[in-house]
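The structure appears right after this line, and notes come after that.
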Amino acid sequence: MSEINCTSIDYIFSNFRKKEAMIRYVNKHFELFELLLEASLNLEYSNAWRSTLLVGHLMKKDDVLVKPLVDDYINILLELHHDGHQRQVLIVLDKMQLNEEQEGRLFDKCMTLWEDVKKIPSTRTRAFWMLLKIAEPYPEIQQEIKHFTTEYYLETLSPGIRVIIEREIKKLI
């Protein structure tokens with residue numbers, strides 16, 4: 001990422017504390033959206049996760065500007081250093097129309113995130129919702145997901161989230 005690009009994006013993060021103010025600013029200077037896309041994929045940029053958060057809020061469903069980056073987001077998902085960044089990438093991907101091959105790769109990565117009980121619950125939960133979404137047309141895969149909802153996988157979740165997940169699993173029976 002060039003210094004000019006970082007400086008432009010860093011301006012947003014150093015001058016606005018509230019997400020809503022950042023969104024308003026980028027909406028007024030929409031040329032920054034492409035810089036946020038670039039920054040969101042940069043593993044070395046300290047505000048990459050915040051860039052991804054803004055992308056997720058600014059993008060449209062199946063956004064044409066995000067479409068060419070879907071494979072990049074899937075590819076880096078497990079390389080990201082910050083659980084929150086992984087969660088934000090999943091939010092972006094959830095808004096995109098994926099092809100079957102992309103769904104398969106994303107499913108595997110989401111399963112890895114879900115199985116890692118040391119990850120923050122919000123990232124694991126987002127990965128679980130993606131698993132259910134991808135598996136929706138495939139009953140045999142839905143049954144596999146049930147095997148990954150034992151006490152071991154649920155014990156680190158809050159009681160409320162746990163109840164919601166257990167309710168979703170009962171729907172799969």
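Every heavy atom of this structure was used, including side-chain atoms; hydrogens, water molecules and symmetry mates were not. The chain is numbered in sequence order, starting from 1.
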What I want to check is whether the side chains of Asp116 and Tyr153 have a donor and an acceptor closer together than 3.5 Å. no
Out of the candidates His29, Lys28, Met22, only one should pair with Tyr25 under the side chain to side chain contact (heavy atoms under 4.5 Å, CB included) rule; please name it. His29
With under 30° as parallel and over 60° as perpendicular, where do the rings of Phe30 and Phe33 fit, or are they tilted in between? parallel
Over 60° means perpendicular and under 30° means parallel, so tell me whether His82 and Trp49 are parallel, tilted or perpendicular. parallel
Nearest heavy-atom contact between Asn99 and Gln102 is OD1-N, 2.7 Å
How far does CD1 of Ile141 sit from CD of Glu144, to the nearest 0.5 angstrom? 6.5 Å
Can you measure from CZ (Arg126) to CG (Leu131) and round to the nearest 0.5 angstrom? 12.0 Å
Apply the side chain to side chain contact (heavy atoms under 4.5 Å, CB included) test between Tyr73 and each candidate in Leu106, Leu90, Leu93; give the one that qualifies. Leu93
Please work out which of the three classes, parallel, tilted or perpendicular, describes the rings of Tyr11 and Phe16, given edges at 30° and 60°. perpendicular
Heavy-atom side-chain proximity of Ser8 to Leu32 below 4.5 angstrom: yes
Do the non-hydrogen side-chain atoms of Val70 and Gln97 ever get within less than 4.5 Å of each other? no
Indicate yes or no: at least one non-hydrogen side-chain atom of Phe128 is less than 4.5 angstrom from one of Ile164. no
For Glu136, is the CD atom crowded, meaning more than 12 foreign heavy atoms sit under 6.0 Å from it? no
Rounded distance (nearest 0.5 Å) linking atom CG of Asn27 with atom CD1 of Ile23: 7.5 Å
Got Phe13 and Leu54 here, is their nearest side-chain heavy-atom distance under 4.5 Å? yes
What's the separation between atom CH2 in Trp114 and atom CE in Met130, rounded to the nearest 0.5 Å? 14.5 Å
Between Gln86 and Lys119, a side-chain donor and acceptor under 3.5 Å: yes
Check step by step if salt bridge (charged side-chain N to carboxylate O under 4.0 Å, His left out) holds for Glu20 and Arg24. CA-CA 6 Å; Glu20 293 77 17; Arg24 276 194 304 276; over 6 Å; no
Leu65 and Asp63 have their tightest heavy-atom pair at N-OD1, 2.8 Å
Taking all heavy atoms of His81 and all of Leu43, pick out the closest pair and write down the distance. CD2-O, 3.5 Å
Around atom CD of Glu100, are there more than 12 heavy atoms from other residues, nucleotides or ligands closer than 6.0 Å? no
Considering residues, nucleotides and ligands other than Glu101, do more than 12 of their heavy atoms fall under 6.0 Å from its CD? yes
Please tell me if the side chains of Phe148 and Ile169 come closer than 4.5 Å, counting only heavy atoms from C-beta onward. no
Are Leu78 and Leu113 side-chain neighbours, meaning at least one heavy-atom pair lies under 4.5 Å? yes
Flag side-chain contact, heavy atom, 4.5 Å: Leu132 against Gln142: no
Nearest heavy-atom neighbours spanning Ser40 and Ser51: N-CB, 3.8 Å
Show, in sequence, the C-alpha distance, side-chain angles and deciding distance for Asp62 and Lys95, and conclude whether the salt bridge (charged side-chain N to carboxylate O under 4.0 Å, His left out) test is met. CA-CA 6 Å; Asp62 209 27; Lys95 294 181 178 184; over 6 Å; no
State, without any angle test, whether Thr156 and Arg124 hold a side-chain donor-acceptor pair at a distance under 3.5 Å. yes
Is Glu34 atom CD crowded by more than 12 heavy atoms from other residues, nucleotides or ligands, each under 6.0 Å away? no
With rounding to the nearest 0.5 Å, note down the distance linking CG in Leu36 to CD in Glu31. 10.5 Å
side-chain contact (heavy atoms from CB on, under 4.5 Å) between Asn75 and Arg105, intermediate numbers included: CA-CA 8 Å; Asn75 290 340; Arg105 289 188 300 120; 2.6 Å; yes
Chi angles and distances behind the side-chain contact (heavy atoms from CB on, under 4.5 Å) call for Gln88, Ile91: CA-CA 5 Å; Gln88 295 306 320; Ile91 289 169; 3.7 Å; yes
Nearest heavy-atom pair of Met111 and Ile145: which atoms, and what distance? CE-CG1, 4.5 Å
Quick check: closest heavy atoms across Pro68 and Val64, and the distance to 0.1 Å? CD-O, 3.2 Å
Step by step, would you call Asp10 with Tyr45 a side-chain contact (heavy atoms from CB on, under 4.5 Å)? CA-CA 10 Å; Asp10 285 339; Tyr45 182 49; 2.4 Å; yes
Would you indicate whether the side-chain heavy atoms of Ile9 and Asn47 approach each other to under 4.5 Å? no
Could you tell me the separation between the OG atom of Ser122 and the CG atom of Asp83, rounded to the nearest 0.5 Å? 7.5 Å
